[in-house]
Every structure is written in structure tokens, then in C-alpha cells.
Amino acid sequence: MKQELSNILKKIINKKYEIEEVTVSKSNRPDLCDFQCNDIFKLAKIYKTNSVELGEELVKTINEYEDFNKYFKEVTFCKPGFINIKISNELINKYIKLIKENEKNLIKQEPIETYVIDYGGPNVAKPLHVGHMRTAIVGESIKRIIKYMGHKTISDVHLGDFGLQIGEVIYGILRDKLTIDDIDIKYLDNIYPEMNAICKENEEIKEECANITKALQDGNEEYRKLWKKILEVSKQDIKKNYDFLDVSFDYWYGESDAYNYLEETEKILLEKNLVKESEGALVVDVKEEKDTKEIPPLLFKKSNGAYLYASTDASTILQRKKDFNPDHILYVVDNRQELHFTQVFRTVEKAGIMPQEKLEFLGYGTVNGEDNKPYKTRSGNTPKLENLFKEAKEIFISKKEENKNMSEEDLNKIVNAILKFADLSNTRTKDYIFDLNKFSEVTGKTGPYILYTYLRINKILESQNKNLELSNNIYNEPDRDLRIKLIEFNEAVNMAYKERMPHYIAEYVYNLCVSANIFYQNNHISNMEDETNKNDWLYVLTQTNKIIKQMLNLLVIDIPSIM
Ligand code: ARG
């Protein structure tokens with residue numbers, strides 16, 4: 001829309017003045033106009049004349065343009081140099097029809113690129129918590145947005161499956177004299193927190209667990225058998241949680257898979273003279289002159305020969321390059337890991353494995369409790385993700401008597417909407433406060449509000465003829481406002497895509513729902529006599545719901561059958 005308006009204005013202005021580019025932006029006085037153009041100042045400067053005179057003259061020319069009505073309803077000059085634009089019904093309706101035909105008509109086509117998206121990243125044998133939900137949802141949403149834009153996506157969960165926690169759990173299994181068949185999720189859920197606490201107190205045991213981890217990485221048969229079983233049990237549990245969230249991955253690689261590429265990565269680093277020895281360890285210097293804060297060297301190999309988190313991430317980039325040759329690799333990881341990724345990205349660039357411009361760290365903020373500290377239960381524990389799902393369900397059910405009778409499937413969809421909309425409507429990089437009570441209200445900027453709006457519109461549409469034509473009329477302000485909101489969806493998607501920020505879509509779909517609610521509070525369709533008017537409104541509402549549904553899909557939210 002903005003592009004089309006810019007083009008037409010440029011064409012008209014060029015009749016009198018030469019101008020390279022005309023910019024049209026959304027009006028910041030929506031009560032006065034839909035769009036504005038601020039280029040008069042620029043033009044007046046070039047032509048060394050007064051902006052008021054020039055502006056008034058140009059607005060007159062625009063008003064005399066032979067196809068004025070096709071684009072504009074009203075174009076006025078606003079001192080000292082603004083063109084205020086109200087667009088025509090014809091233009092608005094043209095875009096509504098484009099949405100009906102295929103809303104992707106309004107999405108800019110770009111050359112197709114390949115994106116690897118690394119999100120989820122749970123650590124095997126550790127229970128999932130609310131932070132894991134954030135990377136899963138944000139990552140899945142970003143993946144869907146990129147796919148929607150027409151690109152190829154490859155998702156990889158990048159399990160933490162080879163770290164110290166495995167050594168700790170194996171230590172526990174040996175201590176408790178378990179057989180392989182005794183290892184189940186209940187045992188894992190308890191043993192990791194227990195061992196973690198023990199290791200914090202007892203240096204010797206911690207050392208022992210580190211040795212087990214190293215022996216596992218070096219191929220110890222007994223440990224590998226136990227590890228495989230731990231992996232199997234833990235992955236099953238992780239998958240169950242992701243299934244509930246409708247989050248899926250093309251690849252279930254883990255840090256352990258990067259071990260196949262460590263040698264080659266190390267060789268490249270050595271050949272390029274990038275590694276230094278420091279107290280027996282191998283490090284890569286990555287600081288740069290432009291740095292404003294100290295960037296320490298990347299630790300590639302410890303003095304005992306063990307590889308680390310940074311080495312596996314660097315090697316994984318080599319693996320991804322070989323397997324997928326991607327144009328971009330995106331990492332949806334906790335903000336607090338930014339330094340780690342700076343070190344990794346600089347290392348692989350220096351090594352000529354992949355330039356930094358292809359690598360993006362997409363940090364996300366912490367999910368906090370009322371006290372602004374990472375979310376905990378009342379008893380001070382980090383709650384298991386599964387229990388949060390349960391809690392959200394209970395809170396939603398407690399809001400209304402009828403909610404008790406809903407099907408399990410619908411309830412699960414609503415729980416998803418509650419959690420995801422809350423998460424995704426917050427800016428990715430910012431922390432937010434986890435308040436299930438607020439998130440599950442049916443009013444306000446919540447998932448249930450969006451679902452409720454959709455279902456209410458759906459009810460109006462249910463019994464109606466679906467094959468409608470759109471006339472050229474627009475009947476009142478709420479109607480006009482809804483139509484204009486509707487045709488702005490592509491801008492929200494574009495912003496979300498460009499900045500890898502799903503909240504633009506959440507914000508948009510909320511505003512669309514607000515307009516839709518105002519629309520049907522003012523306009524009663526069911527008892528309308530004027531057939532054309534009725535058809536037009538059904539047409540607009542059909543497209544509204546099409547867009548709400550599509551936007552919800554990009555936010556990984558499914559719609560229940562009733563609410
Ligand atoms: N497992 C890691 C953690 O819990 C997150 C993994 C993120 N992805 C990556 N390629 N490093 O901190």
C-alpha cells in the first residue's frame with residue numbers, strides 16, 4: 001500500500017518537479033488522515049522556495065490528477081510542509097480483494113534463501129522449565145515467519161547431550177546400583193537436582209563426575225550404554241513437551257554430534273595459526289580493536305584434552321555448512337549467552353568457515369516472577385514446564401463455570417494460546433513477568449481475547465454464503481477502520497521477519513481484533529435488510545478471520561472449536 005501510494009505521488013510530483021524518491025508513512029494523526037508525506041521540505045530546499053507555497057501548489061496538482069478518485073478520498077496540505085492523505089474506498093477494497101484471492105499477494109517476494117534455525121536447546125536429563133518454553137516458542141514462530149516469507153528453513157534442536165550433567169547422572173546411577181532398565185523419567189527428574197546440589201558442596205564428587213563425562217566423550221563403553229538410555233528417556237519427555245506446544249524440529253542433533261567435526265575444526269584453526277596455548281589449554285584470540293568491552297579468548301580445548309561448549313558450537317557451524325550450505329544460521333538463545341556467540345562467530349569467521357554476516361544471535365529475555373527474578377514456584381523451586389501447563393489450565397477453568405465442560409483438546413489449545421500470546425507479545429529481547437492470571441483473562445492483550453474475537457466472528461459467518469462479491473462501498477468509520485487495519489498485516493509480518501521479532505505480529509493481531517470488536521459492536525449484521533451492505537460486511541469479516549488465523553499460525557497458536 002505505502003509503496004503504491006509513494007509511486008503514484010512520485011508520478012504526480014514529477015509532472016512539476018524532479019524528485020528521486022517519495023516516502024509515504026502512516027499518519028501520526030489517524031483522526032485527520034491515513035497517510036502523510038513529508039517530502040515537501042526536502043523539495044522546497046532543492047528548489048530554494050517556500051515550503052508552504054510549494055506544498056499548496058502540489059496539493060492542488062494532486063487534486064487535479066485525472067485518476068484522483070482511484071487512489072484518494074482527500075488530499076490536503078498541512079502547514080508548514082505536510083501532505084495529508086485519506087485513501088479512497090476503491091484503493092482499500094482493491095487490497096481487501098487481493099487478500100481474498102491470496103493474502104501472500106501482499107508479501108514481497110525475495111530470492112529464496114536457506115535458513116538454519118537453532119532453538120530449543122534443552123539439556124538432556126535436566127527437567128524443562130519456563131525458559132525452555134521461551135526459546136521453543138520464539139524459535140518456532142521465527143521459523144514459521146521465515147517460511148511464510150517463502151524461504152527454506154531447517155530447524156535443529158541442538159540438544160545439550162554431552163555436558164557435565166550427564167556425568168552427574170551417571171554417577172548417581174552407579175551409586176544407586178541401577179540397571180539400564182531402571183532408568184526412567186521419574187528417576188532422571190530427581191537425580192539431576194540431587195547430584196547438582198551434591199556437586200556444589202563436594203569438590204571430590206564433582207571432579208569424579210567431570211572424569212566420567214570426559215571418559216564418556218572418549219568412548220567408554222559402559223558409560224555410552226547408560227548415556228544412550230538416558231538420552232532415549234529424556235528425549236521422549238522433551239518431545240512430549242514440544243508436541244504439546246506444537247513445536248517441531250527437522251533435526252534432533254546434539255552437541256555429541258559435533259564431536260565428528262571437532263578434529264577437522266581444530267585442524268583448520270591450527271593451519272590458520274589461530275590457536276594459542278594458554279596454561280596447557282588451546283584458545284583462540286578473538287578480541288578486536290573496535291571492542292568497547294573485553295572479549296576474552298575462546299576456549300577450544302582444556303588442558304586435560306576435553307572440548308567445551310564453544311568448541312562444539314564452532315564445529316556445528318562446520319557441519320551445517322557441509323550439510324546444508326545455509327545463507328543464514330539463526331540462534332534463539334538466552335541473552336546471557338551473547339558473549340559465547342560473539343566468540344564462536346568471530347572464531348569461525350577467522351577460520352574461513354563462515355562469515356559473521358550469516359550468523360545471527362537472537363537473544364531472548366528472562367521469564368520472571370513478580371519479584372523480577374527468574375520465575376520460581378512458591379516453594380522456591382524452578383517449576384517443571386509440564387506443571388505450568390497444568391496450572392494454566394486450572395486457572396483458565398476457574399475463570400468461568402462453562403470452561404469446565406470444554407474438551408481436553410480445546411483446553412489444550414487455549415492453554416497454548418495463553419502461554420504463547422503472552423510470551424510472543426513481549427519484545428523478544430526483553431524480560432517479562434509471568435502472570436498466568438493476567439495472561440488467561442478474556443479481555444486485554446491476551447491469547448483468549450484473540451481467540452474469543454475469532455470465534456465470535458466465526459459464529460456470524462457460519463451460516464452465511466461464502467462466495468461473496470465486494471462492492472465499492474464503505475459504510476461507516478468502524479467499517480473503514482477495520483478494512484484499513486486488515487490490509488496492514490503485511491507490514492507487521494515484514495517487520496517481524498526483518499527484525500526476527502514476532503511481537504510485531506502479536507501487536508498487529510491484537511489491534512486488528514480491537515477494530516473487529518468495535519466493528520461488530522456498531523454494526524449488526526444478522527438483521528440487516530440491505531443485501532449489498534450485508535454481503536460486504538460478511539466479505540470483510542471473512543477476510544478478517546482469514547488473517548487472524550494466519551497470524552495466529554505464525555504465533556504457533558491453534559484455534560479451539562469453542563470458548
Ligand atoms: N543447551 C544450551 C543451554 O542450555 C543451549 C543451546 C543453544 N544452542 C546452541 N547452539 N548453543 O544453555
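What you see below is based on every heavy atom in this structure, not just the backbone, and it leaves out hydrogens, waters and symmetry mates. When a ligand or atom number is given, it counts from 1 through the structure's own listing order.
Glu277 and Lys301 are not joined by a salt bridge, as no carboxylate oxygen comes within less than 4.0 angstrom of a charged side-chain nitrogen. A salt bridge between Lys2 and Glu491 is present, with a side-chain N of the basic residue lying under 4.0 Å from a carboxylate O of the acidic one.
If you number the atoms of ligand 1 from 1 as listed, the ones under 4.0 Å from a heavy atom of Val333 come out as 7 (C), 8 (N). In the vicinity of Gln337, heavy-atom distances shorter than 4.0 Å reach the ligand 1 atoms 3 (C), 12 (O). Remark: ligand 1 atoms within the under-4.0 Å shell around heavy atoms of Phe341 are 9 (C), 11 (N). Near Asp118, with a cut-off below 4.0 Å to any heavy atom, the atoms of ligand 1 are 8 (N), 9 (C), 10 (N).
Stacking of Lys104 on the aromatic ring of Tyr148 is recorded, both the 6.0 Å distance cut-off and the 45° axial limit being met. A cation-pi arrangement, defined by a distance under 6.0 Å to the six-membered ring centre and an angle within 45 degrees of its axis, is present between Arg500 and Tyr497.
On a distance-only criterion, Asp313 and ligand 1 share at least one N/O pair closer than 3.5 Å. Ligand 1 has no nitrogen or oxygen under 3.5 angstrom from a nitrogen or oxygen of Tyr331. Between Asn123 and ligand 1, at least one pair of N/O atoms sits closer than 3.5 Å. Of the polar atoms of Gly160, none of the N or O atoms is found under 3.5 Å from an N or O of ligand 1, judged by distance alone.
Distance check, rounded to the nearest 0.5 Å: NZ of Lys225 to CD1 of Ile230 gives 14.0 Å. If you take SG on Cys209 and CD1 on Ile170, they are separated by 9.5 Å, rounding to the nearest 0.5 Å.
Counting only heavy atoms of the protein, atom 6 (C) of ligand 1 lies nearest to Tyr309 OH, 3.4 Å.
With a 4.0 Å heavy-atom cut-off, ligand 1 is reached by no atom of Thr316. Heavy atoms of Tyr119 found under 4.0 angstrom from ligand 1: none, in either backbone or side chain.
Checking side-chain atoms of Asn190 against main-chain N and O of Lys186 turns up a donor-acceptor pair under 3.5 Å.
Exactly one of Tyr253, Tyr259, Tyr223, Tyr307 qualifies for a ring-ring contact (aromatic ring centres under 6.0 Å, His included) with Phe162. That residue is Tyr259.
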